[in-house]
Protein chains: 2
Amino acid sequence: MTKERADAARNREKVLAAAAELFAAKDPRAVTMDSIARAAGVGRGTLYRRYPDVASIATALLDEHEKALQHELLQGPPPLGPGAPPHERLAAFYTAMTGLLDQHVHLALGAETGARRYATGAYGFWRAHVLALAREADVADPDALADTLLAPLAPDVFAYQRERGVSPARLAAALTELARVLVR
Amino acid sequence: MTKERADAARNREKVLAAAAELFAAKDPRAVTMDSIARAAGVGRGTLYRRYPDVASIATALLDEHEKALQHELLQGPPPLGPGAPPHERLAAFYTAMTGLLDQHVHLALGAETGARRYATGAYGFWRAHVLALAREADVADPDALADTLLAPLAPDVFAYQRERGVSPARLAAALTELARVLVR
DNA sequence: GACTGAACCGGACACGGTGTCCGGTTGCAC
DNA sequence: GTGCAACCGGACACCGTGTCCGGTTCAGTC
């Protein structure tokens, strides 16, 4: 991995900043490669050099916000990190994720709508974490349960519930209950 | 509501038959209005007259298959229909839905990917049903729980799990366990 | 501080899908 | 058989995509 050229780095910054603004401003599905290029003052070819499509740009932006949580899950203090019983860790994870989603729904919707969600590295991480907790708790079929436990965190579901008037806090409470009874 | 003209009915048949074949044959996201029109031997204008987009065609096809289950939920024998305790009814619903999804993933993916899922009438029906069961079981926050309980049935999730090797039967078992502990 | 090759830039291009529009056709009622 | 309304379908303009290549900028070398 060779060092990044100065002009390339400059453009990457411009692109990410412009994209972040666009995603925050309007419907994520209306954000197009063309609009990002124009907003960043950059040619379309430049965009495609680094990102194959809009979703991958949203994913790059989202990744930054998710890194911190991922770190805490691996080696932070309990109940998020190791040390607490599985159901408490799962509940803490749920609460943290609803908070994260609450802040960045736009990005999440731009990055992970539909099947693409499962192709991202982040999903793999969340899945591994939940799977480990399920195993630790001796549930019947951890592998089948993992994706089931993650399904309510899909950006689409979250956005719909919030639009419906279910606050992130209420959702977190419901998920905590789910964690409590299912992974004990 | 006036009677449908004979040529119109003929074309509707042709369109639905051609669409069903296309959805079954290839990636639902690759099915386009244009391809349906060509396969049906019909002009594009004719298509747009009745369906605003591809998803609505898939929804129309899916609706037919879902009607039977909806009828059973309302007035069929227990445990699917009224009469059984909530957790048993929910488990039966889960099993029926995984079966339905297993048969018609293509259509479901074409119809309900992403946010569109929540706009369909079918989702409203499933939601009302699950909500009623949750209320009957005196859970803490039925409204927040309803969409959470339905999230694992999203076509995307189902398709991903099946591709991963989780059979519909295993999934149904996991969901049954979920129903048992959460809605008692 | 000039040279050089490699990395990078960005606009032009061809393509494919969308949704609309309207002249022509078909079916139905009287 | 006649008239009208509903219906048909292809042509059209538009938009976003992804690629390609001539030109530019950078960084290391002497």
Side-chain angles (χ1 to χ4, degrees), chain A residues 1-23 25-61 106-107 109-116 119, chain B residues 1-19 21-23 25-61 106 109-116 119:
Chain A
M1 181 153 159
T2 155
K3 193 160 180 274
E4 188 181 32
R5 255 175 58 170
D7 53 347
R10 210 161 40 229
N11 273 342
R12 206 193 56 237
E13 281 310 309
K14 284 199 290 183
V15 164
L16 289 180
E21 210 156 322
L22 285 181
F23 278 118
K26 54 179 181 176
D27 179 10
R29 285 163 302 182
V31 176
T32 135
M33 286 297 255
D34 201 67
S35 68
I36 295 177
R38 262 183 319 215
V42 148
R44 305 168 36 66
T46 305
L47 224 56
Y48 278 103
R49 157 170 303 273
R50 218 172 328 240
Y51 305 102
D53 49 41
V54 184
S56 69
I57 300 181
T59 301
L61 286 166
H106 314 96
L107 286 181
L109 286 175
E112 311 191 326
T113 192
R116 194 178 293 267
Chain B
M1 181 154 158
T2 152
K3 194 158 181 274
E4 186 182 32
R5 253 174 59 169
D7 53 347
R10 207 160 44 228
N11 274 343
R12 206 192 57 237
E13 281 310 309
K14 283 200 291 183
V15 164
L16 289 179
E21 208 155 324
L22 285 181
F23 278 118
K26 55 180 181 176
D27 179 9
R29 284 164 302 183
V31 175
T32 133
M33 286 297 255
D34 201 66
S35 68
I36 295 176
R38 262 183 318 213
V42 150
R44 305 169 35 67
T46 305
L47 224 54
Y48 279 102
R49 156 170 303 272
R50 216 169 332 236
Y51 306 101
D53 48 41
V54 184
S56 69
I57 300 181
T59 301
L61 286 167
H106 316 95
L109 286 175
E112 312 190 329
T113 192
R116 193 178 294 266

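Note that this is a predicted model, so its numbers are computed, not measured. Throughout, a chain's letter reflects where its sequence line sits, starting with A, and its residues are numbered from 1.
Computed from coordinates, the A:Y48 OH to D:dC21 P distance equals 18 Å when rounded to whole Å. Residue B:R10 contributes atom CZ, which lies 18 Å from atom P of D:dA6 at whole-angstrom precision. Atom pair B:Y51:OH and C:dT18:C1' shows a separation of 19 Å (rounding to whole Å applied). Atom-to-atom, CD1 of A:I36 to C1' of D:dT17 comes out at 13 Å; the value is rounded to the nearest Å. Going from atom CG of B:D34 over to atom C1' of C:dT20 covers 14 Å, rounded to whole Å. Atom CG in A:L47 sits roughly 15 Å away from atom P in C:dC8 (whole-Å rounding). Rounded to whole Å, the distance from CD1 on B:I57 to C1' on C:dT18 is 13 Å. Taking atom CE of A:M33 as the reference point, atom P of C:dC15 lies 21 Å away to the nearest angstrom.
Residue B:A58 comes nearest to B:F23 through the heavy atom pair CB-CZ, 3.6 Å, listed as atom of the first residue, atom of the second, then distance. When every heavy atom of A:L47 is checked against every heavy atom of A:M33, the shortest pair comes out as CD2-O, 3.2 Å.
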Item to complete: Let me see the working for A:K14 and A:N11 under side-chain contact (heavy atoms from CB on, under 4.5 Å), right down to the final yes or no.
Response: CA-CA 5 Å; A:K14 284 199 290 183; A:N11 273 342; 3.1 Å; yes
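Residue A:N11 has a polar side-chain atom (N or O) positioned under 4.0 Å from OP1 or OP2 of C:dG10. The side chain of B:T32 places no N or O atom within less than 4.0 Å of a non-bridging phosphate oxygen (OP1 or OP2) of C:dG17. Contact annotation: B:R44 side-chain N/O to D:dG10 OP1/OP2 distance is not under 4.0 Å.
The 5' end of DNA chain C is approached more closely, in terms of each residue's nearest nucleotide, by B:R49 than by the other of B:A6 and B:R49.
Across C:dC9, C:dG19, C:dC28, the shortest atom-to-atom separation from the side chain of A:R50 is found for C:dC9. Among the nucleotides D:dA27, C:dG10, C:dT18, the one closest to the side chain of A:V42 is C:dG10. Closest approach to the A:T46 side chain among D:dC26, D:dC7, C:dC9 is made by C:dC9 (side chain taken as heavy atoms from C-beta onward).
The backbone N or O of A:A55 lies less than 3.5 Å from a partner atom in the side chain of A:T59, making a donor-acceptor pair.
Two residues are said to be in side-chain contact when any heavy atoms from C-beta on lie closer than 4.5 Å; B:I36 and B:Y51 fail this criterion.
As judged by a 4.0 angstrom heavy-atom cut-off over every strand, A:R38 is placed among residues making no nucleic acid contact.
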